[in-house]
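Below: one structure, written as structure tokens.
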Amino acid sequence: MQAFDALIVDCHASTLATGHGWGLIADAAIGWRNGLLVFVGPREQLPTDAVATSTRVHHANGALVTPALIDCHTHLVFAGERIAEFEQRLEGASYAQIAQAGGGINATVRATRAANEDELLAQSLPRARALLADGVATLEIKSGYGLNLESELRMLRVARRIADTLGISVRTTFLGAHALPPEYHGRADAYIDMLCAEMLPAVAASGLADAVDAFCEGIGFSPAQTRRVFARARTLGLPIKLHADQLSDLGGAALVAAFDGLSADHIEYSNADGVQALARADSVAVLLPGAFHCLGETQKPPIAALREHAVAMAVATDCNPGTSPMLSLRLAMTMACTLFGLTPLEAVIGATANAAKALGLADRGRLVPGLRADLALWDIAHPAALSYWLGGAGALQVFSAGEPLFCNSAGE
Ligand code: DI6
Ligand code: FE
């Protein structure tokens, strides 16, 4: 009788078990069966025949094991890039000015509409691979660069194909209310009418979206328009998330809470009422320091209030071609510490347990028996190092539900 399908020994572990801080275990062993953790603890507590009876035994040479990272907010499926805009911004143009001149999100919409599904997959896969090499085994991917039914569905199909190709877990979010497409210029309400009447039901019926998001902002959609999208999503049984209060305070955090949303993302300008509403609704605050950095923002998210009201904070890359061309979740964690004042522990929990919560996933994000064996192995002595280096070596190995997804040469 085999004790485990697989067993890792010669490792240290950071379990992030609730209420136990880092949950460090020196000289740990981790075993799983059928993709789920069944043993996480000191090696000396293993059953005596565990090594002899396990199907696979991996000697980790003292690597540190953490839950695999979870990037809970990305726009990584898109075509083209926007380097000229980057240069314009460095010369003083604002993100809003570029958007109003027909660039910004709509520049990527033009490129994405023009790309066929295979081209879109070919351009997007390297970005997902980069995140995987950085320790990510679960990835959220939004649509929102198609802005018509056909192109939005194509983006969502590409997101699912990334999962199939890499073995990574992908959660998809329909972001049809990301920007106003050119054919609806000056008719935002008509676009939202069409989105609610046609796109949302078709997307829901396709089964290609796990959640619905919107960009509630002066250069995006109004709170009233966002509310209509959310109300329709709710009737279709889809959970909601929101790009909330990124550039101005439109009460986005409270709007998320009013719909029991999974998360309010960005939230630099959220007010005290919004933070309290998130706490009451148990919605996650997703912090996106990459966009804050790239846009040269100065208004920081209300971290002290979020802590005071015990709102769960997640950290994500927001990987997108406009405001956050970021391909390392560890870098987002580091920047959440240096730019927003998170502790290294908050950053690691933000990219694991709280990121899982932001996606509505209760089965991962901590090293606890019963949860998925989604693991990342690192050549570091302490997990705080994940929020410390700017760049450098990524994960040694990544497992998803106990299956190896990624192994770098140093980990062989
Ligand atoms: N906020 C963001 O950070 C991204 N979308 C959004 O609503 C930016 C998307 C882009 O500029 O392409
Ligand atoms: Fe975003």
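For Arg127, the salt bridge (charged side-chain N to carboxylate O under 4.0 Å, His left out) test picks out no residue, with sequence neighbours left out. Residues meeting the salt bridge (charged side-chain N to carboxylate O under 4.0 Å, His left out) test with Asp273, sequence neighbours left out: none. In this view, Leu390 and Leu331, Thr334 satisfy the side-chain contact (heavy atoms from CB on, under 4.5 Å) rule, not counting sequence neighbours. Asp379 meets the salt bridge (charged side-chain N to carboxylate O under 4.0 Å, His left out) test with no other residue; sequence neighbours excluded. With sequence neighbours excluded, the residues satisfying salt bridge (charged side-chain N to carboxylate O under 4.0 Å, His left out) with Asp134 are Arg330.
Between Ser283 and Asp260, the closest side-chain pair of non-hydrogen atoms is not below 4.5 Å. Put simply, the side chain of His75 reaches to within 4.5 Å of the side chain of Tyr145, judged on heavy atoms. Residues Leu386 and Pro344 are not in side-chain contact: their nearest non-hydrogen atoms beyond the backbone lie 4.5 Å or more apart. Within the 4.5 Å cutoff, no side-chain heavy atoms of Leu180 are placed close to those of His185. Side-chain contact between Asp189 and Gln225 is present, with heavy atoms from C-beta onward closer than 4.5 Å. The shortest distance between side-chain heavy atoms of Ile240 and Asp213 does not fall below 4.5 Å. Considering only heavy atoms from C-beta on, Arg161 stays 4.5 Å or farther from Ser124 through its side chain. Val348 has its side chain out of reach of Thr66: every pair of non-hydrogen atoms, C-beta onward, lies at least 4.5 Å apart.
Of all the heavy atoms in Leu242 and Gly252, the pair that sits closest is CD2-O, 3.6 Å. Between Ile8 and Cys11, the closest heavy-atom pair is CG2-SG, 3.9 Å. A pairwise comparison of heavy atoms in Ala197 and Pro201 identifies O-CG, 3.4 Å as the closest pair. Shown here for Ala209 and Thr172, the closest heavy-atom pair between the two residues is CA-OG1, 3.3 Å. In plain terms, the two heavy atoms of Ala316 and Ala332 that are nearest each other are O-CB, 3.6 Å.
Taking a cutoff of 4.0 Å between a charged side-chain nitrogen and a carboxylate oxygen, Asp27 and Arg43 qualify as a salt bridge. One finds no salt bridge joining Arg157 and Glu150 here, because no Lys/Arg side-chain nitrogen approaches an Asp/Glu carboxylate oxygen to under 4.0 Å. Under the 4.0 Å criterion applied to side-chain N and carboxylate O atoms, Asp118 and Arg154 are not assigned as salt-bridge partners. A salt bridge is absent between Arg89 and Glu91; no separation between the charged side-chain nitrogens and carboxylate oxygens falls under 4.0 Å.
Pairs engaging residues 294-312 under the side-chain hydrogen bond (donor to acceptor under 3.5 Å, both in side chains) rule: Arg307-Glu346 [sequence neighbours left out].
Geometrically, Arg227 does not engage Phe230 in a cation-pi contact, judged by NZ or CZ lying under 6.0 Å from the ring centre and within 45° of the ring axis.
The aromatic ring centroids of Trp32 and Phe399 lie less than 6.0 Å from each other. Ring centers of His73 and His243: under 6.0 Å apart, within the cut-off.
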Next item on the list: Check step by step if side-chain contact (heavy atoms from CB on, under 4.5 Å) holds for Leu359 and Thr173.
Entry: CA-CA 10 Å; Leu359 297 176; Thr173 302; 5.7 Å; no

Next item on the list: Applying side chain to side chain donor-acceptor pair (under 3.5 Å), run through Asp71 and Thr74 and close with a yes or a no.
Entry: CA-CA 7 Å; Asp71 195 349; Thr74 88; 5.7 Å; no

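Side-chain N/O atoms of Asn320 and Thr323 include a donor and acceptor closer than 3.5 Å.
Here the rule is side chain to side chain contact (heavy atoms under 4.5 Å, CB included) with Leu69, and of Leu132, Thr352, Leu131 only Thr352 fits it. Exactly one residue among Val40, Ile25, Thr15, Leu375 makes a side chain to side chain contact (heavy atoms under 4.5 Å, CB included) with Val65. That residue is Leu375.
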